[in-house]
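These notes concern the structure reproduced below.
Residues: numbered from 1 along the sequence shown. Both counts, for ligands and for their atoms, begin at 1 and track the order of listing.
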Amino acid sequence: MNLLEVRNLRVNYRSYWYTYHVLNDVSLQVSQGDKVGLIGESGSGKTTLLKSILQILPPQGRIVSGEVLWKGTDLLKVSKDYVTNVRRKEVGMIFQDPLGALNPVFKVKEQFLDILRHSHSDHDKSDHLSLAEELLRSVMLPDTARVLESYPFQLSGGMRQRVIIAMALASARDLLLADEPTTNLDVTIQDQILRLIGELVVKRGLSMILVSHALGMVAKMTHRVYVMYAGSIVEEAPTLKLFSEPLHPYTSMLIESAPRLASTRLGEGIKGNPPDYRYPPSGCRFHPRCPYATGICKEVRPPNVEVSKHRYVACHMYSEGAGGG
Ligand SMILES: Nc1ncnc2c1ncn2[C@@H]1O[C@H](COP(=O)(O)OP(=O)(O)OP(=O)(O)O)[C@@H](O)[C@H]1O
Ligand SMILES: [Mg+2]
């Protein structure tokens with residue numbers, strides 16, 4: 001059985017005047033022990049998807065339709081308490097915004113104990129401090145006593161990120177959602193931290209969804225990848241296949257625009273802009289930027305077809321032959 005199964009999720013953001021139609025029928029599965037990558041340009045909806053799973057969207061966000069099955073139970077149909085419990089004990093998230101993750105006015109100790117009070121409510125309170133130390137050691141922080149007595153600003157960026165990871169692990173008994181876990185870190189530390197996350201996930205037997213622009217790291221750390229364009233999953237494939245032989249035109253462009261692994265230059269990005277979510281393009285949302293678009297792409301949304309074993313793509317170039325196999 002899938003640990004997590006998202007089915008046909010639609011999510012909007014509303015402002016006073018407009019509705020932004022962001023997630024467009026997104027489906028995704030994670031089974032036990034699965035390490036899944038989620039990639040796509042900035043603004044494609046990756047964070048929105050992760051936050052929708054945990055129901056922690058900002059107030060403007062609305063889940064319009066779909067299902068979020070967690071161990072078979074639709075989290076969109078159960079009580080708030082049920083979801084809170086999943087968030088505290090079973091699914092941990094490392095947030096993209098590192099400033100929001102730690103409160104500047106409290107010592108690490110207070111914040112960590114507060115998390116453990118909820119995530120490990122079944123443990124004796126007196127165990128929580130040693131649990132915090134154990135988790136901090138697991139993220140390779142030396143001198144855990146000093147870290148616990150520090151305020152966030154007294155730690156380096158890399159140390160803060162390790163604290164954040166340790167806190168996420170406290171709540172991640174089954175699944176870790178890692179949303180750009182190394183943004184704002186020094187390039188030299190980014191690889192270290194990503195590797196650490198990869199090792200911890202394996203050691204603790206966790207499943208993971210990793211969102212990252214570092215495609216080389218996604219390639220190393222995941223066995224399956226979903227590619228998102230403008231709120232739609234356009235391709236899903238085993239990681240190695242996806243990078244060696246991308247099928248969707250968007251995936252090819254995304255991989256080509258990524259900085260080469262050995263180079264320090266930034267990627268050029270893909271020509272054109274992501275769509276205006278107030279008026280998303282009809283048919284395939286990628287059609288205005290696609291060099292291969294034809295009439296049907298403007299009119300009909302391409303179905304998601306399994307083109308070969310475990311390879312899915314939503315593109316009309318692949319859907320014609322799909323019926324006949
Ligand atoms: N609170 C909000 N109100 C209105 N629109 C929002 C809100 N939050 C996000 N959006 C819009 O939703 C779209 C998807 O945003 P999201 O943060 O999910 O993208 P992302 O793939 O995580 O991007 P990045 O790679 O930059 O983190 C963007 O166009 C963004 O502007
Ligand atoms: Mg994001």
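Contacts of Thr47 with ligand 1, taken as heavy-atom pairs under 4.0 Å, involve both backbone and side chain. By the criterion of a heavy-atom distance under 4.0 Å, the side chain of Gln96, and not its backbone, is placed next to ligand 1. At a heavy-atom distance under 4.0 Å, atoms from both the backbone and the side chain of Ser44 approach ligand 1. For Met228, no heavy-atom contact with ligand 1 is shorter than 4.0 Å. Both the backbone and the side chain of Lys46 come within contact range of ligand 1, each with a heavy atom under 4.0 Å.
Distances below 4.0 Å separate heavy atoms of His213 from the following atoms of ligand 1: 25 (O). For ligand 1, the atoms closer than 4.0 angstrom to any heavy atom of Pro58 are 1 (N). Near Gln60, meaning under 4.0 Å from any of its heavy atoms, are these atoms of ligand 1: 1 (N).
Between Lys107 and Glu149, at least one side-chain N (NZ, or NE/NH1/NH2) sits under 4.0 Å from a carboxylate O, which counts as a salt bridge. Salt-bridge check for Glu236 with Arg224: passed, with a basic side-chain N closer than 4.0 Å to an acidic carboxylate O. Salt bridge annotation for Lys51-Asp179: absent, with no cationic side-chain nitrogen under 4.0 angstrom from a carboxylate oxygen. Salt-bridge formation is not detected for the pair Lys89/Asp174: no Lys NZ or Arg NE/NH1/NH2 atom is positioned less than 4.0 Å from an Asp or Glu carboxylate oxygen. Classification of Arg289 and Glu41 as a salt-bridged pair holds, one side-chain N sitting under 4.0 Å from a carboxylate O.
If you check which protein heavy atom lies closest to atom 23 (O) of ligand 1, you get Gly43 N, 2.8 Å. Atom 24 (P) of ligand 1 has Ser42 OG, 3.6 Å as its closest protein atom, hydrogens excluded (heavy atom only). Ranking the protein heavy atoms by distance from atom 6 (C) of ligand 1 puts Tyr13 CD1, 3.4 Å first.
For the Mg ion (ligand 2), the set of nearby N, O or S atoms under 2.8 Å includes one belonging to Thr47. Gln96 lies close to the Mg ion (ligand 2), since one of its N, O or S atoms is found at a distance under 2.8 Å.
What you find for Leu175 and Ile209 is that their closest heavy atoms are CD1-N, 4.2 Å.
Between Tyr250 and His248, the ring-plane angle classifies as perpendicular under the 30° and 60° cut-offs. The aromatic rings of His128 and His120 sit perpendicular to each other, their planes meeting at more than 60°, with 30° as the lower class boundary.
Among the atoms of Tyr20, none of the N or O lies under 3.5 angstrom from an N or O of ligand 1. Annotation: Gly40 places no N or O atom under 3.5 Å from an N or O atom of ligand 1; distance criterion only. Between Gly45 and ligand 1, at least one pair of N/O atoms sits closer than 3.5 Å.
No option in Leu215, Val36, Thr239 other than Thr239 meets the side chain to side chain contact (heavy atoms under 4.5 Å, CB included) test with Val225.
Under the 4.0 angstrom criterion, atom 3 (N) of ligand 1 counts as having a protein heavy-atom contact. Under the 4.0 angstrom criterion, atom 30 (C) of ligand 1 counts as lacking any protein heavy-atom contact.
Between atom 16 (P) of ligand 1 and the options Asp179, Thr48, Leu50, the minimum heavy-atom separation is to Thr48.
Annotation for His310: atom NE2 does not count as buried by contact number, only 12 or fewer foreign heavy atoms lying within 6.0 Å. The 12-atom threshold is not exceeded at NZ of Lys125, counting heavy atoms of other residues, nucleotides or ligands nearer than 6.0 Å.
With hydrophobic clusters built from ILVMFWY side chains whose heavy atoms lie under 4.5 angstrom apart, Val11 shares a cluster with Tyr18.
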